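To start, the structure under review is shown below, and the notes come after it.
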Amino acid sequence: MSSLQPFESGDTAQRASDQDRDRVAAVLGEALATGRLTSVEHADRLEAAYSAVTVGDLVPLTKDLPSATQQSASGGAERQSVAAVFSKVVRGGRWIAGRHTRLQSTFGALIVDLSDAVLPGREITLELNSTFGKLIVRVPANARIIDEGRAVFAKRHISGDAQGEDSNAPVIRVTGRAAFGKIVVSRGAADWHWPWRADQPLPPPTMRDTT
């Protein structure tokens, strides 16, 4: 039985809510955990779920899957955390961010690329904390950024909004604090020489990277 069966006999042109999308995400997560979906299939369907506009867009995504258990349905991609402590950590490619994603660099370097990540919803919060470290984040080119962060004896560079209006653009709320560290939020490689690609080796650091 499909988890969206109540919608199938109703108005599939109805606009989907965040709760509808979360319900589908829970079904997909359980399908991944039980081996019904591969990681690639899961990422593709999850991205489609959070991009869905109507209920009709959601129905095909779980039509071949059983309903999620109550425990799974009450979960979801709420929180994610990545940290670099006395080390260098790079996160990029196709990965699933949380609605609240906490990134922490302490005496280290944390480099995170969200340009190909699956964002769970229209708005996510990035809590960026850098203490005697470097934290660099690349966001989707069309993202709207709301900066609510702070800095104490530190450097913060938050890229402004993209040119033009995109009604489907994700909203990224930036919070957190830089203390004796550096935080950069950029939408393109040109801003700070994006140093990572899956198919390319890391280049040697430049003077700009080390300041």
Side-chain angles (χ1 to χ4, degrees), residues 15-22 24-25 28-29 42-53 75-84 89-106 108-131 133-152 154-179 181-198:
R15 303 281 292 196
S17 67
D18 285 341
Q19 185 176 8
D20 296 331
R21 298 184 188 95
D22 287 343
V24 171
L28 298 176
H42 173 256
D44 287 343
R45 294 197 192 193
L46 190 63
E47 183 173 25
Y50 283 117
S51 300
V53 175
E78 287 300 321
R79 288 187 170 269
Q80 180 82 255
S81 181
V82 184
V89 176
V90 178
R91 171 70 66 89
R94 196 76 175 279
W95 64 288
I96 301 169
R99 273 207 176 85
H100 186 112
T101 297
R102 184 175 188 271
L103 305 177
Q104 174 77 45
S105 175
T106 304
L110 177 57
I111 303 170
V112 176
D113 187 355
L114 290 171
S115 59
D116 293 323
V118 177
L119 304 182
R122 305 293 185 189
E123 179 175 333
I124 69 168
T125 297
L126 294 181
E127 181 186 342
L128 309 182
N129 296 302
S130 177
T131 304
K134 180 192 293 185
L135 176 52
I136 302 177
V137 181
R138 185 179 183 182
V139 300
N142 65 338
R144 293 178 51 208
I145 300 175
I146 301 173
D147 183 18
E148 300 176 348
R150 299 171 294 152
V152 179
K155 289 184 178 181
R156 291 183 82 256
H157 172 72
I158 310 298
S159 179
D161 280 350
Q163 297 297 319
E165 291 292 332
D166 183 353
S167 59
N168 294 319
V171 176
I172 298 178
R173 189 177 301 273
V174 178
T175 66
R177 189 178 81 152
K182 179 178 181 180
I183 292 177
V184 177
V185 177
S186 166
R187 42 181 94 253
D191 286 352
W192 45 274
H193 303 298
W194 179 244
W196 179 85
R197 279 292 182 274

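As the structure is a computational prediction, the values presented were derived from the model and not from experiment.
- The side chain to side chain contact (heavy atoms under 4.5 Å, CB included) test applied to Glu127 returns His100, Arg102, Asn129, Thr175, not counting sequence neighbours.
- When all heavy atoms are compared, the tightest approach of Ser130 to Gly181 is OG-CA, 3.8 Å.
- Using a 4.5 Å heavy-atom threshold, the side chains of Arg91 and Ile111 count as separate.
- Arg138 places no side-chain N or O within donor-acceptor distance of the main-chain N or O of Ser115, the cut-off being under 3.5 Å.
- When all heavy atoms of Leu114 and Trp95 are compared, the closest pair comes out as CD2-CZ2, 3.3 Å.
- Rounded to the nearest 0.5 Å, atoms CZ (Arg21) and CG (Leu28) are 13.5 Å apart.
- The minimum heavy-atom distance between Ser105 and Gly133, with the atom names listed, is OG-CA, 3.7 Å.
- Side-chain atoms of Arg99 come within 3.5 Å of backbone atoms of Pro120 as a donor-acceptor pair (strictly under, hydrogens ignored).
- Of the possible polar contacts, one joining the Asp20 side chain to the Ser17 backbone as a donor-acceptor pair under 3.5 Å is found.
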Discussion item. side-chain contact (heavy atoms from CB on, under 4.5 Å) for Lys182 and Leu135? Distances and angles first, verdict last.
Written reply: CA-CA 6 Å; Lys182 179 178 181 180; Leu135 176 52; over 6 Å; no
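- Using a 4.5 Å heavy-atom threshold, the side chains of Val174 and Arg156 count as touching.
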Fill in: Tyr50 vs Ile96, side-chain contact (heavy atoms from CB on, under 4.5 Å): CA-CA, chis, key distance, verdict
CA-CA 11 Å; Tyr50 283 117; Ile96 301 169; over 6 Å; no
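- Interatomic distance, Asn142 CG to Arg187 CZ, rounded to the nearest 0.5 Å: 8.0 Å.
- Interatomic distance, Ile158 CD1 to Asp147 CG, rounded to the nearest 0.5 Å: 4.5 Å.
- Remark: Thr106 engages Gln104 in a side chain to side chain donor-acceptor pair (under 3.5 Å) (not counting sequence neighbours).
- Within the 4.5 Å cutoff, side-chain heavy atoms of Pro140 are placed close to those of Ile172.
- Between Ser159 and Ser186, the closest heavy-atom pair is CB-CA, 3.9 Å.
- Nearest heavy-atom pair across Ala84 and Ala109 is CB-O, 3.6 Å.
- Considering all non-hydrogen atoms of both residues, Val118 and Ala43 come closest at CG2-O, 3.9 Å.
- Summarising the local packing, CZ of Arg94 is surrounded by more than 12 heavy atoms from other residues, nucleotides or ligands at distances under 6.0 Å.
- One finds the CD1 atom of Ile183 at 5.0 Å from the CG atom of Leu128 (value rounded to the nearest 0.5 Å).
- Shown here are the side chain to side chain donor-acceptor pair (under 3.5 Å) partners of Arg173, two or more places apart in sequence or in another chain: Glu123, Glu148.
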